[in-house]
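First the structure, in the form of structure tokens, and then the observations on it.
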Amino acid sequence: MTPVQLTEEEIANHSYTTPDGTIVPMLKGFSQELGIQFVSASSEGAEARMPITDKIRQPFGFVHGGATLALLETVGSQAAACTIDLSVERVFGIRMDVRHRKSGKEGWVHGVARLSHEKGPHQYWEVTAYDDEGDVMSEGIFETKRVTLAYLAEKEARRQAEKAAESAGE
């Protein structure tokens, strides 16, 4: 696979176009609500930052660990998406093992994901969150899995058939 490197324009626009012409939004929903901003993204890794605001603080004024995990999953997922052909497969986060070391109260939380290794359809990303001073806030491993669109379509067809069978039996 040819490594993907997003352009500055694509990162600024929070979307990129795949070789098959699919426009992929980098930020949507929850990630956008948290204020996450990408700095870089490629098939080798991704970097983003999240402003520390009341939206991500826990009741005592520190960054909520769940917000940090969301940032790390976002950068890992984006990097993983850069490694696949979106016309035939999707990537899903399936496991995260992260240790929180310290929190923050102001500034930015920076998130980095770097590909550690791959095993079959699984990818293992080293993820790290750090503060503006460069101190590590959280670090660990994020695991993703590539799944073909054909498999997803088969799974949905089975669900629909089961649902139809249940409705017919009522």
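Taking the charged nitrogens against the carboxylate oxygens, Lys55 and Glu33 do have a contact shorter than 4.0 Å, which makes a salt bridge.
Identified under the side chain to side chain donor-acceptor pair (under 3.5 Å) test for residues 62-73, with sequence neighbours left out: none.
For Lys105, the side-chain contact (heavy atoms from CB on, under 4.5 Å) test picks out Phe62, with sequence neighbours left out. Among residues two or more places apart in sequence or in another chain, the side-chain contact (heavy atoms from CB on, under 4.5 Å) test is passed with Arg95 by Asp97, Tyr124, Ile141, Glu143. Applying the salt bridge (charged side-chain N to carboxylate O under 4.0 Å, His left out) criterion to Arg57, with sequence neighbours excluded, gives Asp54. In this structure Ser138 satisfies the side chain to side chain donor-acceptor pair (under 3.5 Å) test together with His100, sequence neighbours excluded. Not counting sequence neighbours, the partners of Ala79 by the side-chain contact (heavy atoms from CB on, under 4.5 Å) test are Ala46, Trp125. With sequence neighbours excluded, the residues forming a salt bridge (charged side-chain N to carboxylate O under 4.0 Å, His left out) with Asp135 are Lys102, listed by chain and number.
We find the CG-OG1 distance between Leu34 and Thr74 to be 7.0 Å, quoted to the nearest 0.5 Å. In this structure, Arg90 CZ and Ser77 OG are separated by 13.5 Å, a value rounded to the nearest 0.5 Å. The CD atom of Gln123 sits 8.0 Å away from the CD1 atom of Ile84 when rounded to the nearest 0.5 Å.
Looking only at side-chain heavy atoms (C-beta outward), Glu139 and Val127 stay at 4.5 Å or farther from each other. Between Val63 and Gln58 there is no side-chain heavy-atom pair separated by less than 4.5 Å. In this structure, the side chains of Val98 and Phe142 stay at 4.5 Å or more apart for every pair of heavy atoms. In this structure, Gln37 and Trp108 have side chains that are in contact, with non-hydrogen atoms separated by less than 4.5 Å.
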Got a list of side-chain donor-acceptor pairs under 3.5 Å for residues 148-158, not counting sequence neighbours?
unit_1	atom_1	unit_2	atom_2	d
Thr148	OG1	Tyr151	N	3.0
Glu156	OE2	Gln160	NE2	2.6

Just distance, no hydrogens or angles: give the donor-acceptor pairs under 3.5 Å from side chains in residues 109-120, sequence neighbours left out.
unit_1	atom_1	unit_2	atom_2	d
His110	NE2	Asp132	OD1	2.7
Arg114	NH2	Glu47	OE2	2.7
Glu118	OE1	Arg146	NH1	3.1

Between Ile94 and Thr144, is a side chain to side chain contact (heavy atoms under 4.5 Å, CB included) present by the stated rule, with each step listed?
CA-CA 5 Å; Ile94 61 170; Thr144 60; over 6 Å; no
Take Leu72 and Met96 through the test side chain to side chain contact (heavy atoms under 4.5 Å, CB included) and record every step on the way to the result.
CA-CA 9 Å; Leu72 294 177; Met96 183 177 273; 4.1 Å; yes
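The two atoms that bring Val91 and Ala80 nearest to each other are CG2-CB, 3.7 Å, heavy atoms only. Between Leu71 and Ala48 the shortest heavy-atom distance is CD1-CB, 4.1 Å.
Residue Val75 is not grouped with residue Tyr130 when hydrophobic side chains (ILVMFWY) are merged at heavy-atom distances under 4.5 angstrom, including chains of intermediate members.
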